[in-house]
Amino acid sequence: MDADVFVNPYNLMEYLRTHSADQLLYAGYRNSYFPSRRVKRNTDSKYYVSYDSLPCQLYQTYNSGGFNVISMETLKLFYVAHRHVPYIPVEDAYTGLVAKATGVVPVSMDTVFMNDHGLPYDYCSYHGRIIATHGYTSNQLYDMWGQLHKDIVNSTRCDLQNI
């Protein structure tokens, strides 16, 4: 999980209750929604990957590294497979390559949002059914966590019908 991600643990627990412990699960914000899955070949790019390392033009479908839910059964498969998948320095794309090698399909969680989420920075936007959202400052994360804790203690809720 990235340092600028807010996770609502109560909503995460609700999500986990809908999956069995032995299920294969690799869930998060799937990259098929990103504007470009093209492998970066510019050596000045932070996300540069050489053609020798990965000869395809587009990445396989993978979940963004900001936040993922990966079951223990899936982790066991990933652990065995990672030794046979050539490493690339884009860790979330690499995890997608390992997933493909194991036959595990990335699941998109519609309750996880990335930088371009379009959610306003206000408490009711992330209190409802959202599990994780990305792109916040440490002060915003602190405020969001404090408000969530306060509402849990006081048993209050936002009007969440439009989220």
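Positions are given from 1 along the sequence. If you're wondering where the values come from, they're calculated on a predicted model, not measured in any experiment.
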Which pair of heavy atoms, one from [X] and one from [Y], lies closest together, and at what distance?
{"X": "Ala3", "Y": "Leu141", "value": "O-CD1, 3.3 Å"}
{"X": "Gly28", "Y": "Asn68", "value": "CA-OD1, 4.0 Å"}
{"X": "Thr102", "Y": "Ala99", "value": "OG1-O, 2.8 Å"}
{"X": "Ala93", "Y": "Ile88", "value": "CB-CD1, 4.0 Å"}
{"X": "Tyr26", "Y": "Gly96", "value": "OH-N, 3.8 Å"}
{"X": "Ala27", "Y": "Asn63", "value": "C-ND2, 3.3 Å"}

Rounded distance (nearest 0.5 Å) linking atom [atom1] of [X] with atom [atom2] of [Y]:
{"X": "Leu24", "Y": "Thr74", "atom1": "CG", "atom2": "OG1", "answer": "4.5 Å"}
{"X": "Met72", "Y": "Leu25", "atom1": "CE", "atom2": "CG", "answer": "12.5 Å"}
{"X": "Thr95", "Y": "Phe78", "atom1": "OG1", "atom2": "CZ", "answer": "7.0 Å"}
{"X": "Phe67", "Y": "Thr111", "atom1": "CZ", "atom2": "OG1", "answer": "8.0 Å"}
{"X": "Trp145", "Y": "Phe6", "atom1": "CH2", "atom2": "CZ", "answer": "6.5 Å"}
{"X": "Gln140", "Y": "Thr133", "atom1": "CD", "atom2": "OG1", "answer": "10.0 Å"}

What about [X] and [Y], same hydrophobic cluster or not, with Ile/Leu/Val/Met/Phe/Trp/Tyr joined at side-chain heavy-atom distances under 4.5 Å?
{"X": "Val105", "Y": "Val80", "value": "no"}
{"X": "Tyr48", "Y": "Leu58", "value": "no"}
{"X": "Tyr47", "Y": "Val85", "value": "yes"}

Look only at the side chain of [X] and the backbone of [Y], and say whether a donor-acceptor pair between them is shorter than 3.5 Å.
{"X": "His82", "Y": "Tyr79", "answer": "yes"}
{"X": "Asp92", "Y": "Tyr62", "answer": "no"}
{"X": "Ser71", "Y": "Gln23", "answer": "yes"}
{"X": "Arg41", "Y": "Val49", "answer": "yes"}
{"X": "Asn42", "Y": "Asp44", "answer": "yes"}
{"X": "Tyr29", "Y": "Ala132", "answer": "no"}

Q) Going through the checks in order, is the side chain to side chain contact (heavy atoms under 4.5 Å, CB included) test met by Lys100 and Leu97? A) CA-CA 5 Å; Lys100 182 172 173 57; Leu97 294 172; 5.7 Å; no
Q: Just do the side chain to side chain contact (heavy atoms under 4.5 Å, CB included) check on Arg17 and Glu14 with the steps written out, would you?
A: CA-CA 5 Å; Arg17 285 187 186 105; Glu14 288 301 314; 2.6 Å; yes
Q | Sub-6.0 Å ring centroid separation between Tyr87 and Tyr94 | A |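 Yes: the rings meet the under 6.0 Å criterion.
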Q: List the steps and the verdict of side chain to side chain contact (heavy atoms under 4.5 Å, CB included) for Val69 and Leu16.
A: CA-CA 9 Å; Val69 176; Leu16 293 174; 3.7 Å; yes
Q: Compute whether any side-chain donor of one residue and acceptor of the other, for Ser50 and Asp52, lie under 3.5 angstrom apart.
A: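 Result is no, nothing qualifies.
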Q: I would like to know whether Val39 and Tyr59 meet side chain to side chain contact (heavy atoms under 4.5 Å, CB included); could you show each step before the answer?
A: CA-CA 6 Å; Val39 178; Tyr59 286 116; 3.9 Å; yes
(Q) Within the 4.5 Å heavy-atom criterion, are Val107 and Arg30 side-chain neighbours or not? (A)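 Sidechains of Arg30 and Val107: no contact.
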Q | Any side-chain heavy-atom pair of Ile130 and Asn8 under 4.5 Å | A |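 No. Closest side-chain heavy atoms not under 4.5 Å.
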